[in-house]
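This report concerns only the one structure given below.
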Number of protein chains: 2
Amino acid sequence: MSKPIKPTESELEILQVLWSKNKATVREVHETLSEHKDSGYTTTLKLMQIMFEKGLVKRDDSNKTHIYQANVSKESTQKQLVGKMVNALFGGSATELVMQALGNNKHSSAELEEIQKLLDNLKNK
Amino acid sequence: MSKPIKPTESELEILQVLWSKNKATVREVHETLSEHKDSGYTTTLKLMQIMFEKGLVKRDDSNKTHIYQANVSKESTQKQLVGKMVNALFGGSATELVMQALGNNKHSSAELEEIQKLLDNLKNK
DNA sequence: CTCATAATACGATTTATTTCGTAAGCAATT
DNA sequence: AATTGCTTACGAAATAAATCGTATTATGAG
């Protein structure tokens, strides 16, 4: 079985940035985060150092300014956390989660089509 | 707008029990939780007292043994937290979450049918 | 009434998470 | 060489969460 990935709230925010940028410096991550929250630069730095120790990110420190990169995939993290949520909130029923998420509008008809396709696919298994 | 419900991990476990039983004593909640985790009775008690102060649960303390009940609905809590997860992990796309959850097998054909129905319904809107 | 049992209250400790201040290094500029 | 401006390292404080121990009180059995 794979190692349990358990990023905290703040670590998740940082991972988000790394996933979207692929590689980034602390400064870049911090700038991005600053748009939404306001904590100091060293806070972001410290968090990323801790994440490095935990193995959540890797980094190239051959230059003075280190370059960070996520070391856990977005997909496995999503899978992990969605699973946890299904257990914690939907009594283990992924179906219930799907229903809830579907019910929350915000889906274009193109998206609904896409879901439909996946669904058909599953039904013919 | 509605108040931001933000139960912690442990509080969520307790809410789960309360939602399923409707009403319950600390003892009952604790017994149920004990099946999965092992912390002391007073820990559960303390948590429920804190939840009471926060307004997450209500209680009838007219008798020595207090009767607790959730004071936030399962639905609104789910909505709240799923929304948060969609933002934190799926860049705001609820559709992506649905796809991820669907991909994770664990759905009976009856469940798939149910989802299908909901989907058709949404498409005809 | 007295004792045992089970419940609540509550302070305190432990552990996890977030935040920041300060020191020290390096590089470009003056 | 000194100054300035970033950068990392790192300890430590602040905050939040979970856990537990002990005191107290109510209630029913004897």
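Residue numbers start from 1 in every chain, and the chains themselves are labelled A, B, ... in the order their sequence lines are given, proteins ahead of strands.
For B:K64, the side-chain atoms get nearest to C:dA7 when compared with the rest of C:dC20, C:dA7, C:dC10.
When rounded to the nearest whole Å, the span between CG of B:L45 and C1' of C:dC10 equals 10 Å. The nearest whole Å value for the distance from the CG atom in A:N63 to the P atom in C:dA28 is 12 Å. Across the protein-nucleic acid pair, B:L47 atom CG and C:dG11 atom P stand 16 Å apart, rounded to whole Å.
Residue B:Y41 places at least one side-chain N or O under 4.0 Å from the OP1 or OP2 atom of C:dT8. Of the side-chain N and O atoms in A:T8, one or more sit less than 4.0 angstrom from OP1 or OP2 of C:dT18. Residue B:R27 has no polar side-chain atom (N or O) positioned under 4.0 Å from OP1 or OP2 of C:dA6. When the side-chain nitrogen and oxygen atoms of A:K37 are compared with OP1 and OP2 of C:dT19, one or more of them lie within a distance under 4.0 Å.
Among the atoms of the strands shown, base atoms are found under 4.0 Å from some heavy atom of A:T42. Within 4.0 Å (heavy atoms only), A:T43 reaches at least one base atom of the nucleic acid. Using a 4.0 Å heavy-atom distance criterion, A:Q49 is classed as a base contact.
Along DNA chain D, read 5' to 3', the first and last nucleotides having any atom under 4.0 Å from a heavy atom of chain B are D:dA17 to D:dT27.
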**Study point:** Pair A:E13-A:H36, side chain to side chain contact (heavy atoms under 4.5 Å, CB included): steps then yes or no
**Key:** CA-CA 10 Å; A:E13 292 177 329; A:H36 293 297; over 6 Å; no
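Residue-environment remark: NZ (B:K23) stays at or below the threshold of 12 foreign heavy atoms within 6.0 Å.
Here the side chain of B:S93 pairs no donor or acceptor atom with the backbone of B:F90 at under 3.5 angstrom. Side chain of A:H30 to main chain of A:T43: no donor-acceptor pair is present (N/O by atom type, distance under 3.5 Å, no hydrogens or angles).
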